[in-house]
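All values below come from the heavy atoms of this structure, side chains included, with hydrogens, waters and symmetry mates left out. Proteins come first, then strands; the chains are lettered A, B, ... in the order of their sequence lines, and each starts at number 1. Treat the numbers as computed from the prediction; the structure is a model and nothing was measured.
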Amino acid sequence: MPELPEIETIKNDLSPHVVGKVIMNVTFPTDPNIRILRRFPSQDTFVRGIRGTEIENVRRRAKYLVFDLRPSGTLVMHLGMSGQLLLRSMDSPPEPYLRAVFHLENHIHLRFVDPRKFGELFLILPSSGKCQFILEKLGPEPLEKDFSLEYLTNILRKAKRTIKTFLMDQKVIAGLGNIYSDECLFKAKIHPTRFTYTLDDDEIRTLHRSIHRTLREAIKRRGTTASDKRYRDGLGRMGKFQDLLQVYQRRGNACYCCGTVIQSTPIGGRTASFCPRCQK
DNA sequence: AGTACAGCCTGCCTGC
DNA sequence: TGCAGGCAGGCTGTAC
């Protein structure tokens with residue numbers, strides 16, 4: 001559920017509180033199997049690699065939160081479907097589904113909460129093998145220069161699948177999920193079942209612009225807390241972009257633009273919502 | 001090589 | 001009321 005704008009918001013919230021802080025310890029309160037560490041060889045190595053390091057920097061890559069550690073190591077977090085990363089004082093009561101706690105200086109906790117266990121933590125060390133390549137496989141950041149109109153045009157022309165699955169492929173564009181791919185397609189007036197190679201130059205230009213505008217607006221509004229009310233920012237607050245959603249989770253409601261009933265259809269194992277009149 | 005899809009997981013909602 | 005079943009969805013491994 002947390003996509004690019006939500007992770008960006010969490011990163012911005014956490015940075016001033018955690019950068020420069022030493023991680024004193026890491027504990028795993030509720031999950032004996034520690035499935036959140038499934039990519040990493042062992043819990044011991046993870047804890048030993050992190051304990052005593054200082055958080056030098058926090059950044060975002062796609063939907064991953066990346067903590068650069070001093071003197072070495074890169075801590076990577078993915079919030080999966082239902083994950084939250086919360087800054088709490090040591091003595092505040094533990095949240096349900098609390099999976100991991102990073103004990104920082106000054107009695108501060110960075111808490112990883114995740115009911116559905118789709119989230120993931122891993123530590124990249126020089127010796128950690130394939131973990132190093134996970135971030136490298138991702139496509140360009142949609143708000144960076146390398147996600148140009150030329151790039152989008154070229155890969156759209158080469159692909160042979162629906163525009164909806166294309167936009168959610170992290171190797172193509174890093175950071176879009178179901179919410180924002182639906183919203184971008186609505187803004188661009190493109191039907192989610194269209195095949196990539198059928199888009200003309202005008203449509204591609206509009207789509208490129210829609211991706212920029214949708215993501216910038218969503219970051220400005222601090223992300224989307226959809227009806228499952230799961231996403232929270234770094235301090236536990238809800239986002240505000242859900243008020244601006246045009247199609248996502250609006251099936252059966254009237255399109256704000258033309259009044260037609262919003263429909264949904266499964267595409268690539270996901271539910272795509274769209275306005276059958278506005279989107280061609 | 002590129003694409004499609006099952007499986008992972010569990011709270012919540014719907015229907016019986 | 002209580003239960004079963006379906007849905008939600010990011011990512012990976014596997015199959016085509």
Does the side chain of [X] get closer than 4.0 angstrom to OP1 or OP2 of [N] through an N or O atom?
X        : N      : answer
A:His78  : C:dC11 : yes
A:Gln170 : C:dG10 : no
A:Lys117 : B:dT10 : yes
A:Tyr97  : B:dG11 : yes
A:Lys63  : C:dC11 : yes
A:Thr271 : C:dA8  : yes

Pick base, sugar-phosphate or nothing for [X], based on heavy-atom distances below 4.0 Å to the nucleic acid.
X        : answer
A:Ser82  : nothing
A:Arg270 : base
A:Gly269 : nothing
A:Tyr248 : sugar-phosphate

Could you pick out which residue, A:Pro115 or A:Lys171, lies toward the 5' side of DNA chain B when each is mapped onto its nearest nucleotide?
A:Lys171
For the residue pair A:Met81 and A:Pro2, what are the closest heavy atoms and their distance?
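So the two residues come closest at O-CD, 3.7 Å.
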For the helix from B:dG2-C:dC16 to B:dC16-C:dG2, figure out the bend between the end axes, five pairs an end, and round to 10 degrees.
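Angle reported: 50°, given to the nearest ten degrees.
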Steps toward side chain to side chain donor-acceptor pair (under 3.5 Å) verdict (A:Glu6, A:Tyr180)
CA-CA 11 Å; A:Glu6 289 77 30; A:Tyr180 296 107; 2.5 Å; yes
Which residues satisfy the side chain to side chain contact (heavy atoms under 4.5 Å, CB included) test with A:Glu144, sequence neighbours excluded?
A:Glu141, A:Asp146
What residues form a ring-ring contact (aromatic ring centres under 6.0 Å, His included) with A:Tyr97, not counting sequence neighbours?
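Partners of A:Tyr97 by the ring-ring contact (aromatic ring centres under 6.0 Å, His included) criterion come out as none, since no residue qualifies.
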